[in-house]
Amino acid sequence: MALRTRYSGGFGVSAIALAAAAFMLPMAAQAQTAPAKEGAGEGAGEAAAEEGIVVTGIRAAITSSAAQKRLNTSIVEVISAEDLGKLPDMSIAESLSRLPGFTTQRLDGRANVASIRGLGPDFTTTLLNGREQVSINNNRGVELDQYPAELLNGATVYKTPDAMLIGQALGGTVDMKTIRPLAYGRTSTVITARGEINSLKQLNPDISRKGYRVNVFHVGQNADKTIGWAIGYARMQSPIQEQRWNAWGYPDLNATTKVIGGAKPYVKSNELKRDGLMGVLEFEPNDRFHTTFDGYWSKFNDKQRLRGIELPLQWSGAQLQPGFTTQNGLVTAGRYNGVEAVMRNDVVNRDAEIFAVGNNTRFKATDTLTFEVDLSYSKVTRTEQNLEIYLGTGRGGGVGATDSLGFTMPASGGVITFAPTLNYADPALFTITDPQGWNSCGGTVPNCQDGFINRPRVTDRLKAIRLQAIKSLGGFFDTVTVGANYSDRRKQLIDEGFVLTNKNYPASPAVPSSYLFAPVSLGFIGIPGMVSFDSWRYYNDGNYKLTSEALWTPSRLTNSYVVREKVLTGYIQGNILSGGLKGNVGVQIVHTNQSADGYRAYNPGSGTISNAISDGDKYTNVLPSLNLSYEIAPETMVRFAAARVLARARMDRLNPGVSASFNLANNVPGANINRSPWSGTVGNAKLRPLLANSVDLALERYFGKGGYVSAGAFYKQLDGWVYRQDNLFDFTGTPTPGNVTPTFNQGIVSQWLNGTRKGKMFGFEVSGSLPFATFSEGLDGFGVLASASYSESEVREGNSPPISIPGLSSWVINGTAYYEKNGFQVRASARYRSKFLAEVSGLSLARELQMAAGETIVDAQIGYTFQSGSLEGLGILLQGTNLTNAPFKTFLNNDERQVRDFQRYGRNLMLGVTYKF
């Protein structure tokens with residue numbers, strides 16, 4: 001029989017996971033995309049023997065993990081719930097971030113998107129029960145914090161693919177799992193309630209620093225164990241407080257010295273609400289027929305209030321005064337006169353809804369032939385309102401009161417502190433206006449931007465069907481699987497933005513007293529207070545006129561797109577079982593039909609001109625794969641894997657949108673490509689995936705109960721890289737100013753294209769689990785888990801020097817120390833990643849890449865579960881995250897003193913109770 005167990009803990013499991021496959025052991029028989037009794041073969045009896053044993057807690061999970069890692073043929077990592085509805089961290093993202101070679105980037109203080117072996121979310125795929133998931137962001141990277149940890153039973157991270165894995169990716173594939181009630185085998189109910197508080201004080205008056213989490217989970221079966229069901233509900237209201245320093249940049253003061261160009265510091269408070277619902281229904285009347293229906297729904301609301309002051313400095317009319325100090329080419333202290341501040345009371349309301357449903361049916365036609373069909377549908381919608389409201393001392397630049405603003409930078413860089421001379425808490429001085437004259441509404445209304453609102457909308461829909469047949473052979477190839485998967489995906493982004501002009505324009509009215517709050521402190525940057533008011537209510541009360549920025553800014557149209565992908569994947573895989581040799585070999589043939597809709601748009605000076613465009617392509621890729629595992633000595637295994645893998649292009653790069661520019665001076669008879677009237681920036685709906693050949697080698701040694709050490713290395717040869725290049729483009733059909741007839745229809749554009757220069761990635765990983773009882777029974781209950789990984793890359797855009805790959809940290813190190821015995825549980829964990837290229841939000845929510853500094857995150861928890869008596873089943877748990885209050889920091893010009901973003905989130909503490917019966 002096949003050795004691979006797709007939806008069980010029977011994959012190779014890293015014991016570095018905080019809680020590895022305790023519940024997943026009995027689930028091998030319930031695999032949705034694998035034969036009914038996968039996992040049989042050498043050592044399978046050990047797992048089968050444990051099917052009737054209830055295993056919970058850290059130690060049982062780690063022991064089971066090591067056993068299943070030894071049995072597996074692929075190179076994977078797994079986390080699993082220690083008990084029903086109990087993953088060890090506050091989110092599935094945080095649990096995953098403890099696996100070897102796996103890191104997450106924080107957003108608003110919480111783990112969010114994933115990088116695997118140095119390859120960021122653009123190069124990874126996320127599945128739920130083996131089915132590819134849609135995403136709420138503008139591209140493919142799934143934001144893992146959208147999925148309540150309380151409703152998931154674990155996750156498998158594939159580092160090496162096999163032919164049966166739909167959704168394999170260049171970096172790796174994350175497969176989240178929900179429970180299978182018949183495999184769980186008993187009736188249980190768990191209720192959990194927890195309170196949460198952030199260690200920073202309440203930074204804004206309209207968002208609390210306190211929150212809560214509640215969830216209920218029930219699993220049951222009928223008396224004959226032929227029908228099983230599970231249902232879970234989780235509600236979260238999580239507080240986040242943030243002190244954020246943001247720099248515009250660091251321009252040249254002179255040939256040798258840089259200086260701060262402008263700053264945007266603020267205090268930010270989040271109230272993150274999430275409701276999640278999960279349901280599973282299983283029917284297995286006999287050993288030949290099995291069907292499972294599962295559904296998942298979550299609704300996510302992120303309410304944010306941001307209050308701060310934008311301070312235009314070198315990039316403005318402000319003047320740096322003599323007497324400033326410099327250090328190593330950077331101005332570190334000084335004073336600017338003539339600073340015209342822009343006070344901001346901003347609001348973000350982000351709503352997302354995810355719905356996913358699937359059915360898997362397996363029929364065993366004969367003792368050696370099984371058929372399987374899997375149907376799935378998922379959809380996500382996201383709406384966002386990103387509101388900016390401005391106050392100032394006068395309408396337009398050079399009007400109103402200005403500040404003489406002193407500033408001091410820490411020696412190591414970081415948050416610059418200021419010494420103001422204005423009273424920023426005075427509502428009579430700072431009124432509703434456009435302080436800097438940032439917009440003229442297309443030249444029709446001077447100084448019209450009293451605020452702005454970005455309102456992007458995303459819908460992402462994916463439906464798929466999978467058919468496969470599994471034949472038992474009983475020879476060198478124990479089984480062979482033949483199948484096909486067809487998926488149809490449609491993703492749309494509508495990018496809208498509106499200038500807000502107060503209805504009292506051109507007056508600059510004071511904020512009505514009925515909307516005012518007490519001043520908010522910006523003491524962390526040296527400003528004791530600023531005007532604070534309920535800007536969301538003021539906006540909704542109809543005090544602004546909205547004017548679409550698309551009327552004069554073509555990018556509002558060219559950023560919008562619809563991308564469609566229809567993918568047919570055929571595959572065959574043989575599962576090897578011969579003595580000490582186990583593994584699989586197979587191939588996928590992937591045919592893609594991709595198309596996209598967008599806009600050609602530009603502004604000749606009289607407003608945006610546009611027309612709709614469509615483009616696309618069809619292509620086929622062949623992806624072979626091989627995984628081998630050989631026991632060279634008792635409890636010692638060597639693994640080898642090789643595969644060809646792909647990562648599809650980002651959605652925003654498949655957008656065919658054309659930002660065109662037409663130069664009337666070049667529209668003359670005899671115009672040619674060297675003097676064309678046309679130029680522009682273009683996407684590319686014909687982009688091909690990024691392909692790579694990968695090789696992995698690993699050595700593992702097992703000992704004691706749950707002890708092991710593992711060392712491995714990997715190498716990936718990339719066929720190219722996608723980057724902007726100069727390219728010839730045909731502008732035929734693009735509107736022209738005054739509808740003049742072009743004398744030449746081609747031009748040179750900057751376009752996303754597949755590069756042909758090969759690149760490479762390589763690295764190594766070591767991990768281990770050490771239960772101290774291995775050395776002495778007196779140390780029973782104590783143990784440590786640890787891992788370290790190193791990754792490096794060499795990727796070039798043409799003949800340029802090597803670039804940094806987004807998401808790649810050269811070093812990733814994790815460690816956990818724990819004690820668990822007689823109901824007591826204590827653990828402390830730390831995870832470190834070195835600096836990396838992060839994707840962050842820029843102007844008008846555009847995503848941009850910035851280098852992020854290395855960070856170390858420390859979490860801990862302590863708990864007790866009553867083992868007997870009237871309180872049996874009651875557990876008490878105290879958790880703390882980010883205990884060292886580690887900031888998230890990005891910087892510019894490869895100089896960590898030149899901080900772009902400095903975000904400090906505080907510590908989150910959670911206290912709660914769980915009752916299981």
Side-chain angles (χ1 to χ4, degrees), residues 1-14 21 28 31 33-47 65-78 130 156-166 168 172-173 175 370 468-483 571-588 622-645 693-702 708 710-716 765:
M1 300 295 290
L3 291 167
R4 212 164 123 301
T5 48
R6 172 83 63 199
Y7 297 131
S8 74
F11 280 115
V13 181
S14 172
T33 61
K37 293 185 179 179
E38 288 182 320
E42 182 183 3
E46 297 174 22
S65 300
Q68 292 304 306
K69 184 177 179 70
R70 181 178 62 83
L71 289 173
N72 201 283
T73 55
S74 297
I75 299 176
V76 300
E77 311 290 349
V78 170
T156 300
V157 178
Y158 294 84
K159 293 180 174 178
T160 63
D162 57 45
M164 292 172 60
L165 179 64
I166 303 300
Q168 56 179 259
T173 302
D175 186 8
T370 300
Q468 69 179 26
I470 307 102
K471 176 68 173 176
S472 296
L473 301 178
F476 179 80
F477 286 104
D478 185 49
T479 64
V480 62
T481 301
V482 179
Y571 57 91
I572 182 171
Q573 177 174 309
N575 296 292
I576 301 167
L577 181 59
S578 179
L581 180 67
K582 299 173 289 187
N584 56 72
V585 59
V587 64
Q588 286 187 356
V622 179
L623 307 175
S625 60
L626 170 69
N627 288 277
L628 296 175
S629 174
Y630 185 70
E631 191 166 10
I632 58 175
E635 304 300 320
T636 303
M637 306 177 67
V638 63
R639 300 181 185 273
F640 174 80
R644 186 161 176 80
V645 292
N693 297 319
S694 65
V695 178
D696 283 73
L697 185 65
L699 179 66
E700 299 166 0
R701 169 67 175 166
Y702 295 86
Y708 83 92
S710 173
F714 68 91
Y715 179 87
K716 299 179 187 290
E765 299 168 345

Mind checking the [atom1]-[atom2] spacing from [X] to [Y]? Nearest 0.5 Å is all I need.
X	Y	atom1	atom2	value
Asn584	Ile576	CG	CD1	7.0 Å
Ile75	Lys159	CD1	NZ	8.5 Å
Lys471	Thr370	NZ	OG1	9.5 Å
Ser74	Tyr158	OG	OH	7.5 Å
Leu577	Phe477	CG	CZ	11.5 Å

When you look at Arg639 and Asn627, which way does the side-chain contact (heavy atoms from CB on, under 4.5 Å) test go after all the steps?
CA-CA 8 Å; Arg639 300 181 185 273; Asn627 288 277; over 6 Å; no

For a quick test of reading the model, state the closest non-hydrogen atom pair linking [X] to [Y] and the distance between them.
X	Y	value
Ala163	Ile572	CB-O, 3.6 Å
Pro161	Ser625	O-CB, 3.8 Å
Thr173	Gln168	OG1-CA, 3.3 Å
Met164	Gln573	N-OE1, 3.1 Å

side-chain hydrogen bond (donor to acceptor under 3.5 Å, both in side chains) between Glu700 and Tyr702, intermediate numbers included
CA-CA 7 Å; Glu700 299 166 0; Tyr702 295 86; 2.6 Å; yes

Just by distance, no angles: are the side chains of Asp696 and Thr160 close enough, under 3.5 Å, to form a donor-acceptor pair?
no

Show, in sequence, the C-alpha distance, side-chain angles and deciding distance for Tyr571 and Leu623, and conclude whether the side-chain contact (heavy atoms from CB on, under 4.5 Å) test is met.
CA-CA 9 Å; Tyr571 57 91; Leu623 307 175; over 6 Å; no

Verify, without hydrogens or angle tests, whether Gln588 (side chain) and Leu165 (backbone) share a donor-acceptor contact under 3.5 angstrom.
yes

Could you check whether atom OH of Tyr715 has more than 12 heavy atoms from other residues, nucleotides or ligands sitting under 6.0 Å from it?
yes

Evaluate the criterion side-chain hydrogen bond (donor to acceptor under 3.5 Å, both in side chains) for residue pair Asn575 and Thr479; output intermediate values, then yes/no.
CA-CA 5 Å; Asn575 296 292; Thr479 64; 2.7 Å; yes

With sequence neighbours left out, what residues match Thr636 under side chain to side chain donor-acceptor pair (under 3.5 Å)?
Arg701

